[in-house]
Amino acid sequence: MAYKEIFWMACDSTEQLRAEYGPFHTREEAEVEARKMSFGYLLRYEHMIGENDEIQEVRCIFIELSDVVTPIRTLRKLHTRCATCGESSVHEETWQAEVWADIHEFEHSRHHVRLFEQSRAEGLKEIVGWRDACA
Ligand SMILES: [Zn+2]
């Protein structure tokens with residue numbers, strides 16, 4: 001007889017290149033671990049198992065833990081913008097934003113680059129003092 005097998009993973013994003021941790025048998029276990037790691041999502045896998053124990057179908061459903069504050073590395077986009085001349089750029093990684101700011105502030109003395117993070121939940125938000133933190 002065909003049956004359904006369900007398990008849960010904690011994951012840091014819904015992107016293809018996400019980090020996953022698990023599996024867990026219950027949503028509660030996965031959620032506890034996700035919160036420990038500041039992972040913002042749970043992934044529910046459903047395997048439809050056929051008569052000969054083969055997997056016939058895989059379904060997965062993402063569940064967002066909306067109250068988990070995800071660290072910078074999992075944010076979708078970083079925006080740099082020079083407060084002095086207005087030149088701006090978009091980056092995937094914090095180090096890329098740092099390189100852009102380094103080059104810009106090197107080429108234009110006394111310009112000051114600000115960093116913003118963009119997330120679906122909060123929109124654009126400035127990260128104050130980001131270069132002091134990275135120094
Ligand atoms: Zn500038």
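One is the number of the first residue; the rest follow in order along the sequence. Heavy-atom basis, side chains included; hydrogens, waters and symmetry copies ignored. Numbering of ligands and ligand atoms starts at 1, following listing order.
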In this structure, are over 12 heavy atoms from other groups packed under 6.0 Å from His108 atom NE2?
yes
Count the heavy atoms belonging to other residues, nucleotides or ligands that lie under 6.0 Å from OH of Tyr21, then report whether that count exceeds 12.
no
Hphob cluster co-occupancy, Ile55 + Met9, side-chain heavy atoms under 4.5 angstrom:
yes
Transitively linked via ILVMFWY side-chain contacts under 4.5 Å: Met48 with Ile61?
no
With 2.8 Å as the threshold, which protein atoms of type N, O or S lie near the Zn ion (ligand 1)? Leave waters out.
Cys82 SG, Cys85 SG, His104 NE2, His111 ND1
Where does the angle between the aromatic ring planes of His104 and His111 fall among parallel (under 30°), tilted (30 to 60°) and perpendicular (over 60°)?
tilted
Do NZ/NE/NH1/NH2 and the carboxylate oxygens of Glu20 and Arg18 come within less than 4.0 Å?
yes
